[in-house]
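Convention: sequence-line order gives letters A, B, ...; per-chain numbering from 1.
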There are 2 protein chains.
Amino acid sequence: MTIQTEQEYLAAYRPEHYPRPLFSVDVAIFTLHDGVLKILLVQRAEHPFVNHWALPGGYVDLSADADIAATARRKLLAKTGVNAPLLEQVETVGNATRDPRGWSVTTLYMALIPYAPTTEFMESVVDARWWALDELENLALAFDHRELVELARARLKNKTAYTVLPLHVLQQPFSLSQLQQAFELLLGSELEKKSFRRRILNADLLQEVGIGIPAGGKGRPAALYVPAPGSEQHLFVRVFGESGVE
Amino acid sequence: MTIQTEQEYLAAYRPEHYPRPLFSVDVAIFTLHDGVLKILLVQRAEHPFVNHWALPGGYVDLSADADIAATARRKLLAKTGVNAPLLEQVETVGNATRDPRGWSVTTLYMALIPYAPTTEFMESVVDARWWALDELENLALAFDHRELVELARARLKNKTAYTVLPLHVLQQPFSLSQLQQAFELLLGSELEKKSFRRRILNADLLQEVGIGIPAGGKGRPAALYVPAPGSEQHLFVRVFGESGVE
DNA sequence: TCAATAGTGTCTGTCAGACACTATGTT
DNA sequence: AACATAGTGTCTGACAGACACTATTGA
């Protein structure tokens with residue numbers, strides 16, 4: 001072969017000549033409901049793993065998706081109707097055995113959404129439903145999705161210890177108690193009330209928007225808050241709970 | 001089409017029928033030398049971006065690599081001769097524009113190795129060399145590798161604030177001053193001596209193995225250490241330096 | 001008045017920052 | 001002795017944990 005310019009090389013390039021892995025994007029969508037952490041799974045209609053429950057996900061649409069985050073957003077929108085949630089890349093898993101069709105790579109994203117806005121929409125999506133994480137124990141998930149769920153769950157827990165991730169699972173406005181409950185559920189352990197309030201309030205992350213009793217609540221009305229602009233990327237220099245980040 | 005079993009489906013499956021992105025693995029290999037942080041780049045021999053400097057990386061060998069970490073390890077071994085270093089997945093970047101050949105995805109790994117053991121080996125690798133990170137400013141890197149380098153650099157910095165990552169760039173045994181210098185170079189800022197020593201020693205991460213003057217050193221001989229078993233995954237509950245983790 | 005929830009006062013312990021100090025080697 | 005580097009003593013401030021306490025609502 002003679003020396004080529006890059007243009008000549010590209011003109012002659014035939015991607016299909018090179019064997020390469022399957023590539024997909026999967027999304028672990030979490031929410032809080034009835035006091036438990038839930039994840040959205042879809043029931044597969046096709047081989048492989050027909051009828052098994054799986055994370056929403058699929059292949060990149062080469063003509064429609066600008067990047068892999070767009071693929072993840074598209075999958076999320078299709079299943080939940082939610083458009084601009086917290087969406088974050090977790091990890092990429094690729095090996096020869098995870099998909100019976102051959103060498104396969106998936107990039108796992110995790111999304112957090114408040115429960116209610118999606119509920120009505122969800123009714124019509126017959127092949128999708130929320131599962132409490134505990135319910136998954138006896139459920140056979142497709143592919144290696146059980147491990148993917150665990151990866152996302154672990155990330156969620158870790159980041160809850162030093163960020164304000166849990167803000168994203170709440171409907172606004174919310175009380176500090178509701179926020180604390182969200183932290184506790186994502187963290188999987190209880191927090192001391194005073195410490196929690198001190199930490200959040202001192203960090204100047206919230207805007208008070210009034211006082212009220214959140215739907216169905218009892219007792220003294222609480223101050224209600226919305227996140228202050230830019231607060232979502234706040235990082236604490238000290239970690240919540242004893243220790244044990246990833 | 002009639003209803004199939006999964007076996008029939010798999011037998012009839014032709015992966016090449018589905019358009020999908022290119023997939024590669026790239027590795028940002030860091031070390032410390034002459035008091036600066038360096039990264040290993042290779043000069044491309046082929047299109048696209050011939051002669052440009054790039055991160056070591058390439059395609060998955062579907063028959064030889066068990067998973068994507070194996071691909072990363074293989075690339076690292078080929079360029080440095082180092083076998084079992086710290087190797088950690090950083091992030092996956094995929095979009096329509098990063099590779100002129102089309103939609104392309106790469107999973108970025110980062111590796112840390114001590115300088116010396118690789119030096120002799122490196123002499124013979126004519127297409128690879130260490131670059132101080134500052135030198136990269138005026139260098140045109142292939143693809144989006146400049147951004148990938150920045151991603152890896154940022155991860156390195158963040159994790160240095162709450163782990164003992166810098167252990168992996170030192171030859172053993174090392175003094176606390178050397179360890180502190182490693183932390184400072186990866187962190188990009190200076191640390192207070194007493195705080196540093198207290199933090200490291202109280203965490204019980206090191207085994208003292210004697211006293212000596214590290215090669216070429218002056219002044220009072222220092223206690224020398226090696227990492228205690230399992231110390232590598234230690235996590236501090238409080239972050240180093242003012243704040244500013246990712 | 002009681003149950004239920006919101007919110008506070010305050011002590012303690014841990015640990016990073018600052019910085020002045022002492023210790024031990026070489027030339 | 002002068003230097004260079006290793007290593008310490010000790011005060012301070014930030015902040016999480018613990019826990020008892022007070023406040024405000026509805027039934």
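The interatomic distance linking Phe236(A) (CZ) with dA16(D) (P) rounds to 8 Å, in whole Å. The distance from atom CZ of Phe196(B) to atom P of dT8(D) is 14 Å, rounded to the nearest whole Å. When rounded to the nearest whole Å, the span between CD of Gln178(B) and P of dT5(D) equals 12 Å. The distance from atom CD1 of Ile200(A) to atom P of dA16(D) is 9 Å, rounded to the nearest whole Å. Atoms CD (Gln181(B)) and P (dG7(D)) sit 15 Å apart, rounded to a whole Å. One interatomic measurement links the two molecules: CG of Leu201(A) to C1' of dC15(D), which rounds to 14 Å at whole-angstrom precision. We find that CZ of Arg197(B) is positioned 14 Å from C1' of dG9(D), with the value rounded to whole Å. Atom P of nucleotide dT24(C) and atom CG of Leu176(B) are separated by 17 Å, given to the nearest angstrom.
Residues satisfying the side-chain hydrogen bond (donor to acceptor under 3.5 Å, both in side chains) test with Thr71(A), not counting sequence neighbours, are Asp65(A). With sequence neighbours excluded, the residues that form a side chain to side chain contact (heavy atoms under 4.5 Å, CB included) with Glu190(B) are Glu184(B). Every side chain to side chain contact (heavy atoms under 4.5 Å, CB included) that His168(A) has, sequence neighbours left out, goes to Leu86(A), Leu112(A), Leu165(A), Glu232(A). Looking at residues two or more places apart in sequence or on another chain, you find a salt bridge (charged side-chain N to carboxylate O under 4.0 Å, His left out) between Glu135(A) and Arg129(A). Not counting sequence neighbours, the partners of Ala69(B) by the side chain to side chain contact (heavy atoms under 4.5 Å, CB included) test are Asp67(B), Arg73(B), Tyr109(B). With sequence neighbours left out, Leu133(B) forms a side chain to side chain contact (heavy atoms under 4.5 Å, CB included) with Phe30(B), Leu37(B), Ile39(B), Leu136(B), Arg153(B). Partners of Phe143(A) by ring-ring contact (aromatic ring centres under 6.0 Å, His included), not counting sequence neighbours, listed by chain and number: Phe49(A), His145(A).
One finds no salt bridge joining Glu91(A) and Arg155(A) here, because no Lys/Arg side-chain nitrogen approaches an Asp/Glu carboxylate oxygen to under 4.0 Å.
The phosphate of dA6(C) (OP1 or OP2) has a side-chain N or O of Ser177(A) nearer than 4.0 angstrom.
Out of dG7(D), dA6(C), dG17(C), the shortest distance to the side chain of Ser175(A) is found at dA6(C).
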Could you write out each protein N or O paired with an N or O of nucleotides 11-14 of chain C at a distance under 3.5 Å?
none

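Residue order along DNA chain D, read from the 5' end via each residue's closest nucleotide, puts Tyr225(B) first among Arg199(A) and Tyr225(B).
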note = Given protein heavy atoms under 4.0 Å, the one-letter contact record of nucleotides 20-27 of chain D, with B base, S sugar-phosphate only and - none, is simply ---BBB--

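The only option from Asp26(B), Val42(B), Asp127(B) that meets the side chain to side chain contact (heavy atoms under 4.5 Å, CB included) definition with Pro56(B) turns out to be Val42(B).
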